[in-house]
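Written below as C-alpha cells is the structure these notes are about.
What you see is a predicted model; the values in this text were computed from it and never measured. Just so you know, these numbers use all the heavy atoms, side chains as well, and skip hydrogens, waters and symmetry mates.
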Amino acid sequence: MHHRNIRTCFVTGGTGFIGSHLVDLLIEQGKEVRCLVRDPERLGWLEGKPVLLHCGDLDSADALREGMDGSDAVFHLAGVTAAASREEYTRINAGGCRSIGEAVLTCRNSPGVVIYVSSQAASGPSRTGQVTDEDTPPSPVTDYGRSKLEGERILTEMMGLPLVIVRPPAVYGPRDREILAFFKLAKRGFFPVVRGGVSISLIHVRDLVSGIVQASERGRSGQTYFLANREPVQITDLADHLGTTLGRQVRNLPVPQWLLWAAAGVSEILGRTAGRMPVFNRDKVRELAATGWVCSSEKAFRELSFQAEVDLPGGLRETAEWYKRVQWL
C-alpha cells in the first residue's frame, strides 16, 4: 500500500465547517498547518489555533504559491455551497480549482499530493435501490454539483498534478449550519419528507476528515474515493432518530414539491435582496426531490483502510449536544 509522509499541509477553506475540523485533526497529529484566509480579522473556527496564515483568496496566485511551496500536501476545500447563479458557482468552485492546480504546477517546491474535497453532488443522485460508486457515470442535477464536477475535470486534465479526489455525501456534526435546520424542525415535532422511500448516505465530520487525511497518505494519484458510512439511512427513519436524540416524538410531514419550489423561489428573492444566497434554494429542492443519494465507500475501505466509526445515533446526539451548548438549538 502506498504511503506518503505528510508533515506540512496547506489548507484552503480552513475557516469553514469541514475545513476547520480538518485543521483540528492535522494539528492534533502534530503537522504544520498553513491556511489561506481572506480576512485575518475573521478567522472563525481558526481563532487562536497554531496555524500559519496566508492572506488572500482563490484568485491570489502569489498567496497560493507561497502557502503551498514546500508543503507535503494541499487540501482544497474552499468554495461555495450556495450562489446566485450557475456562473457564480462555476467561477468560484471550478475556477478555484484551476487556480489551485496552476499554483501547484508553478510553485518552486511542489507538494507531493493535492486533495480536492469534491462532493457526492458531482456524481448526482443514485437510482432507487441502487448504489453509486466511482465507476458510475456522473450525472449532477444541480448547479452546485455541476461546478464541483467541472472542478474535478479541470484538475484531472492538468498534466503532472498529483491529484486525489474525495467525494463526501451529506456531512453533519458540530459547527454545521446546513443540517441545523432539520434539527430545529424536529425540535418542533416534525421532519419534512419530499419523497418517500428514499435512502441517503451520511457521514459525521470527524469520520470525513479522518478519511481525507487517509486519502492524502494512501490515495493513488488520479483516483476518486467516496467517503461515507457503510449503511445508508431511509429518509423517513430520520424522524425517529432525531426524536430519540431530542427526547420527543417527531413525525414525518409529507411536503409537496410545488410548495418547496415556491418557498425556494421566495427564499432566493429575499437572499438576493440581502446580498447573500440562502442555503435553501432551488438547488436544494432538486436534491431533496431526487430518487436517492446512496454511495459506496468500498474502494476507500480497500485502498485507504477507511472505515467510518461514528454511528448515526451517537453522531446525532453529539451534534445536538453541541448545538445546545452554543445555543444554536
Would E321 and K324 satisfy salt bridge (Lys or Arg N to Asp or Glu O under 4.0 Å), going step by step from the backbone distance to the final call?
CA-CA 5 Å; E321 289 171 354; K324 292 174 182 176; over 6 Å; no
In sequence, state the C-alpha distance, the side-chain angles, and the governing distance for W293 and S201, and then conclude on side-chain contact (heavy atoms from CB on, under 4.5 Å).
CA-CA 6 Å; W293 292 95; S201 291; over 6 Å; no
Using the side-chain contact (heavy atoms from CB on, under 4.5 Å) rule, take V80 and E88 through it: C-alpha gap first, then chi angles, then the decisive distance, then the call.
CA-CA 9 Å; V80 293; E88 186 177 354; 5.5 Å; no
Take E318 and R206 through the test salt bridge (Lys or Arg N to Asp or Glu O under 4.0 Å) and record every step on the way to the result.
CA-CA 11 Å; E318 175 193 343; R206 191 163 63 249; 3.0 Å; yes
Would you please test I200 and V294 for side-chain contact (heavy atoms from CB on, under 4.5 Å) and show each step?
CA-CA 5 Å; I200 63 172; V294 180; 5.7 Å; no
Walk me through whether R286 and D143 qualify under salt bridge (Lys or Arg N to Asp or Glu O under 4.0 Å).
CA-CA 10 Å; R286 293 184 185 97; D143 290 339; 5.2 Å; no
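Side chain to side chain, S118 and E152 meet the donor-acceptor criterion of an N or O pair below 3.5 Å. Side-chain atoms of S305 and Q214 form no donor-acceptor pair, as typed in the model, at a separation below 3.5 Å. Side-chain polar atoms of S147 and N93 form a donor-acceptor pair below 3.5 angstrom. Under 3.5 Å, the side chains of E303 and Y225 contain a donor-acceptor pair of N or O atoms. Checked by atom type, the side-chain pair D207/S210 shows no donor-acceptor distance below 3.5 Å.
Clustering ILVMFWY residues whenever any of their side-chain heavy atoms sit less than 4.5 angstrom apart, transitively, puts L155 in a cluster other than the one holding L149. By the rule that hydrophobic residues join a cluster once side-chain heavy atoms approach within less than 4.5 Å of another member, F306 and V131 end up as members of separate clusters. Connection of V11 to I92 is not established within any shared hydrophobic cluster, with ILVMFWY side chains joined at heavy-atom distances below 4.5 Å, either directly or through further cluster members. Residues V164 and I18 fall within the same hydrophobic cluster, defined by Ile, Leu, Val, Met, Phe, Trp and Tyr side chains chained together at heavy-atom separations under 4.5 Å.
Of all heavy-atom pairs between S20 and K49, the closest is O-NZ, 4.4 Å. Across all their heavy atoms, P111 and C107 have their closest contact at CD-SG, 4.0 Å. Between T291 and P125, the closest heavy-atom pair is OG1-CB, 4.3 Å. Heavy atoms only, all atoms of each residue included: N229 and V310 are closest at ND2-O, 3.3 Å. Across T106 and E102, no two heavy atoms sit closer than the pair OG1-O, 2.7 Å.
Checked for salt-bridge contact, R38 and D57 miss the test: no charged N lies under 4.0 Å from a carboxylate O. Using a 4.0 Å cut-off between charged nitrogen and carboxylate oxygen, D72 and K31 do not count as a salt-bridge pair. Salt-bridge annotation for E298 and R302: absent, with no side-chain N of the basic residue lying under 4.0 Å from a carboxylate O of the acidic one. A salt bridge links R34 with E32: at least one charged nitrogen is closer than 4.0 Å to a carboxylate oxygen.
Counting only heavy atoms from C-beta outward, the side chains of L180 and F182 never approach each other to under 4.5 Å. The closest side-chain heavy-atom distance from L260 to V194 is below 4.5 Å. Side chains of V233 and L202 form a contact here, defined as non-hydrogen atoms less than 4.5 Å apart. Inter-residue side-chain proximity for Y172 and L316 is flagged as met; some heavy-atom pair is nearer than 4.5 Å. At least one side-chain heavy atom of I203 sits under 4.5 Å from a side-chain heavy atom of P169. The shortest distance between side-chain heavy atoms of L208 and L22 does not fall below 4.5 Å.
Not a single donor-acceptor pair under 3.5 Å links the side chain of S267 to the backbone N or O of A264. Put simply, the side chain of R108 never gets that close to the backbone of G70: no donor and acceptor are under 3.5 Å apart. When atom types are taken as modelled, the side chain of T142 and the backbone of G145 share a donor-acceptor pair closer than 3.5 angstrom. Side chain of R4 to main chain of V113: no donor-acceptor pair is present (N/O by atom type, distance under 3.5 Å, no hydrogens or angles). Checking side-chain atoms of S297 against main-chain N and O of F226 turns up no donor-acceptor pair under 3.5 Å. A distance-only check finds a donor-acceptor pair linking the side chain of H21 to the backbone of P174 [under 3.5 Å].
Between the CG atom in D24 and the CD atom in E28 there is a gap of 8.0 Å [rounded to 0.5 Å]. Atoms CD1 and CG, from I179 and L238 in turn, are 9.0 Å apart once rounded to the nearest 0.5 Å.
For R248, the CZ atom counts as densely surrounded, since its 6.0 Å shell holds more than 12 non-hydrogen atoms of other residues, nucleotides or ligands.
Stacking of R230 on the aromatic ring of F301 is recorded, both the 6.0 Å distance cut-off and the 45° axial limit being met. For the pair R175 and W45, the cation-pi criterion (under 6.0 Å, within 45° of the ring axis) is fulfilled. Geometric assessment of R282 against the ring of W261 yields a negative cation-pi assignment under the 6.0 Å and 45° thresholds.
Considering T224, L161, I165 in turn, I165 is the only one that fulfils the side-chain contact (heavy atoms from CB on, under 4.5 Å) rule with T156.
Centroid-to-centroid, the aromatic rings of F10 and F75 stay 6.0 Å apart or farther.
Using a 30° and 60° split on the angle between ring planes, W328 and Y323 fall in the parallel class, below 30°.
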